[in-house]
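Below is one structure, written out as C-alpha cells; the observations come after it.
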Amino acid sequence: MNVRVVDYRAPDAAEQFTRSLHETGFGVLVNHPIPQDLVESIYRDWLAFFGTDEKHDFAFSVEKQDGYFSPEISETAKGHTQKDIKEYFHLYPWGRIPAQLKDDAMRYYDTANTLAQELLAWVEQYTPADIAANYSEPLSQMIQGSQKTLLRVLRYPPLTGNEPAGSLRAAAHGDINLLTILPAANEPGLQVQDMNGNWIDVPCDFGMLIINIGDMLSEASGGYYPSTQHRVVNPTGEGASKSRVSLPLFLHPRDEVVLSGRYTAGAYLAERLRELGVKM
C-alpha cells in the first residue's frame, strides 16, 4: 500500500486526498493550516503535565468521557485482552481542562476541527453519487452542532521491560468516528495494515498531518471508505526510553445522526465504548 502524500495547497488536493482515503483508508497532508509551533508547544506542555500528580485531579467521567484516563483504566482494543500501554486526556470545549493548558488546547481544537470539517466536505464532494445516495444527510451536516468531536492528548510512557507479553502501545484497531486528524507524533511507531495484511510504517516527519477514516464513515458509506486497522508498536533501542506524545482529533457526528439501517451515531459510539472497557 502506498499512502499518498498530498499538498493541501495543490489545485487537485481534494480529489487526490479523497482518492487516497478510498484506496487505503489513510491520507497524508503537507502544507496544511495547522501551525507546527502550536503542536510542538502542546506536546511539550502536556508531557510535563503527565509527569505531575495534578492529572489525577481530572480523573475521567464515565458518563461524560472527559478528563484523565490512567494506564490502569486505559483502553483494551476490540478483540484484544491486554490493555494498551498509554495514558491520555479527553478534551471537549465543554469539558474539564487544566487552566494553564486551556488556551493552546482550544486554539488547536478550533483549528483542527475547522480543517476536519473542510476535509469532510472534500470527501462529500468526491463521493460517487450511488454511494452518497445512501447517506442519511450530507456528511457536512452530520457534524453540525455536534458536542462529541474529541481532542485526545496521548502519552505512551517509556518502556520498563516489564510489560505483559504481547502488549503494545496501541493494539491494532479502527477508530470509531468519521475522520481522525493526527499531526505526526514526536516519535515513530504508527503503522497501518494494507489490504494484504502487511503492516506499513506511516510517514511521521514533523509537519505531516495524517488523516484516517473511522468506522462511522465506513458504516455510512457501505465500506466505500475503509476504516483501516492501525497500531502503535513498541520501540526498541534508544526509543524505548522515550515518551511518545500524540494528538488525534476525532470528528464525530451528532448522536441522532443515522449512519445506516443498523446504527445511529450515538448507539454506535456507546457500543464501541463498552467494547473498549471505558463505559458501563
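Atom set for the values below is all heavy atoms of this structure, side chains included, hydrogens, waters and symmetry mates excluded. Positions are given from 1, in the same order as the sequence printed here.
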Backbone N or O of [Y] within a donor-acceptor pair of the [X] side chain at under 3.5 Å?
X    : Y    : value
D12  : Q16  : no
H252 : Q147 : no
D175 : N177 : no
R169 : K86  : no
H32  : G207 : yes
Q193 : Q229 : no
N31  : D7   : no
E163 : G161 : yes

If you look at every heavy atom in [X] and [Y], which pair is closest and at what distance?
X    : Y    : value
I131 : S221 : CG2-O, 3.6 Å
P253 : A265 : CG-CB, 3.5 Å
P98  : W46  : CD-CH2, 3.9 Å
T228 : T24  : OG1-O, 2.5 Å
E219 : S260 : OE2-OG, 2.7 Å
S136 : V257 : OG-CG1, 4.3 Å

Are side-chain heavy atoms of [X] and [Y] found at a separation under 4.5 Å?
X    : Y    : answer
F206 : E40  : yes
Y8   : L115 : yes
L21  : L179 : yes
F17  : L29  : yes
V192 : I210 : no
L47  : Y43  : no
L182 : L190 : yes
P35  : R107 : yes

Assess whether side chain to side chain contact (heavy atoms under 4.5 Å, CB included) is satisfied between V153 and L91, documenting all intermediate values.
CA-CA 8 Å; V153 189; L91 296 164; 3.6 Å; yes
Full working for side-chain hydrogen bond (donor to acceptor under 3.5 Å, both in side chains) between T149 and Y109
CA-CA 9 Å; T149 290; Y109 183 100; 4.8 Å; no
Check this for me: does any side-chain nitrogen of one of R19 and E15 sit under 4.0 Å from a carboxylate oxygen of the other?
yes
Test: E275 and R272 ion pair at under 4.0 Å:
yes
Between W122 and L120, does a side chain to side chain contact (heavy atoms under 4.5 Å, CB included) hold up when you go through it step by step?
CA-CA 5 Å; W122 287 6; L120 192 65; over 6 Å; no
Centroid separation under 6.0 Å, is that true for the rings of F26 and H230?
yes
[atom1] of [X] to [atom2] of [Y]: how many Å apart, nearest 0.5 Å?
X    : Y    : atom1 : atom2 : result
N186 : K242 : CG    : NZ    : 9.0 Å
K83  : L276 : NZ    : CG    : 9.5 Å
R262 : Y268 : CZ    : OH    : 7.5 Å
T160 : I85  : OG1   : CD1   : 8.0 Å
L151 : D66  : CG    : CG    : 12.5 Å
N113 : Y108 : CG    : OH    : 10.5 Å

Name the residue from E271, K78, M216 that meets the side-chain contact (heavy atoms from CB on, under 4.5 Å) definition with I176.
M216
Indicate the ring-plane relationship of H90 and F69, choosing parallel, tilted or perpendicular according to the 30° and 60° boundaries.
tilted
What is the ring orientation for Y68 with F50, classed by angle as parallel under 30°, tilted 30 to 60°, or perpendicular over 60°?
tilted
For E238, look at atom CD and say whether over 12 heavy atoms of other residues, nucleotides or ligands are found less than 6.0 Å away.
no
Same cluster (ILVMFWY, side-chain, under 4.5 Å), L150 and L247
no
Any luck finding a side-chain donor-acceptor pair between E72 and S70 under 3.5 Å?
yes
R254 vs E137, test: salt bridge (charged side-chain N to carboxylate O under 4.0 Å, His left out). Steps then yes/no.
CA-CA 12 Å; R254 302 182 313 280; E137 59 186 274; 3.4 Å; yes
